[in-house]
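In what follows, a single structure is set out as structure tokens and then discussed.
Quick note: numbers below take in every heavy atom, side chains included, and nothing from hydrogens, waters or symmetry partners. Both counts, for ligands and for their atoms, begin at 1 and track the order of listing. These numbers were taken from a predicted model, which means no experiment stands behind them.
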Amino acid sequence: MTAMTPEEKFELINRNLQEVLGADQIKQILAQRDLNLYWGTAPTGKPHIGYFVPMTKIADFLKAGCHVTILFANLHAYLDNMKAPWDQLELRTKYYEATIKAMLTSIGVPLDKLKFVVGTSYQLSQEYSLDVYKMLAITTEHDAKKAGAEVVKQAASPLMSALVYPLLQALDEEYLKVDAQFGGVDQRKIFTFAEKYMPNLGYKKRAHLMNPMVAGLRGSKMSASDPDSKVDLLDDAKTVARKIKKAFCEEGNVDDNPLLEFLKVVVFPARSLTDPTYKFVVKRPEKFGGDIVFDSYQQIEDAFREKKLHPVDLKTGTADAINALLEPIRTTFKDEALIQLSKDAYGDAQAAAKQIKKPVQNSAEPDVENISKLDIRVGRIVDIKLHPDAESLYVEQIDLGEPTGPRTIVSGLAKHIPLSELQNRTVLVLTNLKPSKLRGIESNGMVLAASTSDNTTVELLDPPSEASVGDHVSFEGFDYAPVPILNPKKDVWKKCAGEMKVDGSGVAVFRNVPFVVGGGAVKARSLKDALIG
Ligand SMILES: N[C@@H](Cc1ccc(O)cc1)C(=O)O
């Protein structure tokens, strides 16, 4: 094999990434030597197939000559609201190590080229601890909170551990002696935090590489509470096929298609690294025209856009490709010792962790006004359908700007507003209601609407045009301090809604204080003096 030029290396390092900070810095290093970088993962919940995205990039990095370290950030798993309890850290770390290695092997990555490091092996040293204190001495609470906002679970009044988490992640760059850190785009705020603060400690500013977050199969986020939205690494072939069958996959739509995305960022790059002649095959009986073969991802995308490849066929091919990736992992996990490890690390541990978490969360819910606890955000309805089992309900996919993708939300609007009026509409969503099932479909929030007291006319509340997706509503004179999930027993939403209305000029208010987002007021289209709910 001929050696790659620095430019070719950069191109491979960069492909399929969503964003790179410090590209010039990387290019300069590549002109002289190979790049050192690391990817960290906190051993919390069980890894799912979304993890193939960073794994595929790790394969690219190695191919480009990079020295890659994988960090099992066990201390971070604990600092993040004790997602892994202290006495489970070791087991979870072992479980992660086994799964991550199985995934890498499955896509043909040679493990002996990688360096594996466990966080606490150096993060408890005197030197590191002293650096943590130095970091604490120069970091503002504001910056620490902001840095962790998308990664670490933060209550209204965040735990100290949640604030320290990003500081340690920044320091890891120095202690792992890297030029760059790689992670999902959800890590972006921690990365920019590191770029800002590391030089203040006298350390180098590192480059940062970010992969896109893959959407869940329903075009919504990969959520642990909706098992069908994600494929588990140990799902059997039939389950994979069933989940893929249900995936969001609209004929001709190549912009919003979780299956194409997975083929693009995982299947093709991973397969073709080890097998340059890899082809994507859609098995079809002779009477429907026989197998279809694609040499590149682009061919699949083009065929799908031109409606020459039908969703049913794309699903069959993708399910087969995913099963091929998972088969070696299933085989590895038939091992008795690994089955036991999985039970020990996640069996009773999850129940135990919940018990530990409870008091922490309660004490983190301070005595603030109910209105401050609400998290109302601007969202856009990217997909909407009638509920299959209820004629008064719609099932929407609402983009709230979350890195995990759109959320599924069920609303009782079908008798009031035609579906066509809602597609692509920007709306306000109460995002921190406890998820609940409505006729079998889990709803992860509530779209806010105004109505006349007899409920004959219902209109959505409209955010002002200045507001963007993801922005939150605030109320002057009240803090914005949302709790992660509103306590259903306390009826927080109902109590607030009782004091909300659309006033005589059509503006949504809470006790006469307008709802403000993006610098403008929230309004109903035509209703005045109406209720909000
Ligand atoms: N923040 C990463 C884990 C991580 C922890 C420490 C690091 O140094 C790097 C990465 C995650 O969300 O999983």
Any side-chain heavy-atom pair of Met55 and Val109 under 4.5 Å | no
Does at least one non-hydrogen atom of Gln181 fall below 4.0 angstrom from an atom of ligand 1?
-> yes
Using a strict cut-off of 4.0 Å, indicate which atoms of ligand 1 neighbour a heavy atom of Val151.
-> 1 (N), 12 (O)
Using a 4.0 Å heavy-atom threshold (strictly under), name the region of Thr44 that reaches ligand 1: side chain, backbone, both or neither.
-> neither
Any heavy atom of Gln169 under 4.0 Å from ligand 1? The part involved is both
Donor-acceptor side-chain pairing of Gln169 and Gln187 below 3.5 angstrom = yes
Less than 6.0 Å separating the ring centroids of Tyr128 and Tyr122?
-> yes
Which bit of Gln187 gets closer than 4.0 Å to ligand 1, counting heavy atoms only: side chain, backbone, both or neither?
-> side chain
Atoms of ligand 1 less than 4.0 Å from Tyr165 heavy atoms?
-> 1 (N), 2 (C), 3 (C), 11 (C), 12 (O)
Between Phe182 and Tyr38, ring centroids under 6.0 Å = no
Residue and atom name of the nearest protein heavy atom (relative to atom 8 (O) of ligand 1), distance in Å to one decimal = Asp172 OD2, 2.4 Å
Hey, is Trp39 one of the residues with a heavy atom under 4.0 angstrom from ligand 1?
-> no
So which bit of Tyr38 gets within less than 4.0 Å of ligand 1, heavy atoms only: side chain, backbone, both or neither?
-> side chain
To atom 5 (C) of ligand 1, the nearest of Gly148, Pro54, Gly40, Ala73 on a heavy-atom basis is Ala73
Identity and separation of the nearest protein heavy atom to atom 13 (O) of ligand 1 = Ala42 N, 3.5 Å
